[in-house]
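In what follows, a structure is listed as structure tokens, so that the remarks can point back to it.
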Amino acid sequence: MACFIAPAAEAIVTTIATSVVKKKEKEADAGVVSHEETHDSVSGIRFSEKLGWLNKMLWGGSALLAFEHIWHGEVIPVFPFLTAIKDGEVSGMLAEMGTAGIGMAALVTLVWGGMVFAASRIEKRSADAVAEEK
Amino acid sequence: MTLLITVFAAIITTLIWYKNAPDNSMRYGMLTLMYWGASLMWLVDAIFEYAELGAEFFTPALGDMVNDSYLGLCVVALGLIIWLVYLFVKDPKGIIRSILTRKAA
């Protein structure tokens, strides 16, 4: 019906969060350049870049799912844009968004969490290997 | 079938991304993440459908299978179009920019 709206809503929030984090990282960079110049370290992936992975999965997935809904006639090009609202099935639509939609957003976020965890472990291992070499 | 076709697209693009990494000039990562995102979302959809239909979920009618396969191929094509637009907008190799500036000069 409209399950893609839940991950799309999360994508809006994470996109805003990414731009806030990116701004903070730029500010931090300006403040710690001299610190970085004096410390050799293995450069890790920035958190804003990791959030970018989540954004791409959520926006991409939502866009392709929205296309599927257009295919099945669940999304229409005229107001109110959703056939569920037009046919008075709002409660059914909300129930689906609350179950399948939230489930989709949660699974994508969970997989992203796993990716971030794995990336952090690899970065830590690389940093440890560099420290041992010294 | 839509889920299966999207999963195969995700696996193939992941292999292409891995083969070319760490070179990110073609932005394969974006395409890979988009297909994986859609695959995960359709997996949840499939789980809910399985919970509703049971074993019947695995024996779809031929007409439904053909329609779902056609949808899956269209989804893959749409993903490629989104990636192409993203690639041309980002223009990491500066090809579009150089063509436009050459024409302007």
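Being a predicted model, the structure only gives us computed values, none of them experimental.
In this structure, chain A has no heavy atom under 4.5 Å from any part of B/Leu31. Within the 4.5 angstrom heavy-atom criterion, only side-chain atoms of A/Val111, from C-beta onward, approach chain B.
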All inter-chain donor-acceptor pairs under 3.5 Å (chain A, chain B):
unit_1  : atom_1 : unit_2  : atom_2 : d
A/Glu68 : OE1    : B/Trp42 : NE1    : 2.7
A/Trp71 : NE1    : B/Asn67 : OD1    : 3.3

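Hydrophobic clustering keeps A/Leu58 apart from A/Ile102 (ILVMFWY residues linked when any side-chain heavy atoms are closer than 4.5 Å, directly or through intermediates). Note on A/Ile85 and A/Ile76: separate hydrophobic clusters, where clusters join Ile, Leu, Val, Met, Phe, Trp and Tyr whose side-chain heavy atoms are under 4.5 Å apart, directly or indirectly. In the hydrophobic clustering of this structure, B/Ile12 groups with B/Met26; members are Ile, Leu, Val, Met, Phe, Trp, Tyr whose side-chain heavy atoms approach within less than 4.5 Å, directly or through other members.
Within 6.0 Å of CZ in B/Phe8 there are 12 or fewer heavy atoms belonging to other residues, nucleotides or ligands.
Contact between B/Leu33 and A/Met57 at its shortest, heavy atoms only, is O-CG, 3.3 Å. Contact detail for B/Met41 and A/Met104: the closest heavy-atom pair is O-CE, 3.2 Å. Pairing each heavy atom of B/Ala38 with each of A/Leu64, the nearest pair is CB-CD1, 3.7 Å.
Within residues 72-82 of chain B, the residues having any heavy atom less than 4.5 Å from a heavy atom of chain A are, in residue-number order, B/Cys74, B/Val75, B/Leu78, B/Gly79, B/Ile82.
Chosen from A/Gly61, A/Ala105, A/Gly60, the residue pairing most often with chain B at heavy-atom distances under 4.5 Å is A/Gly61.
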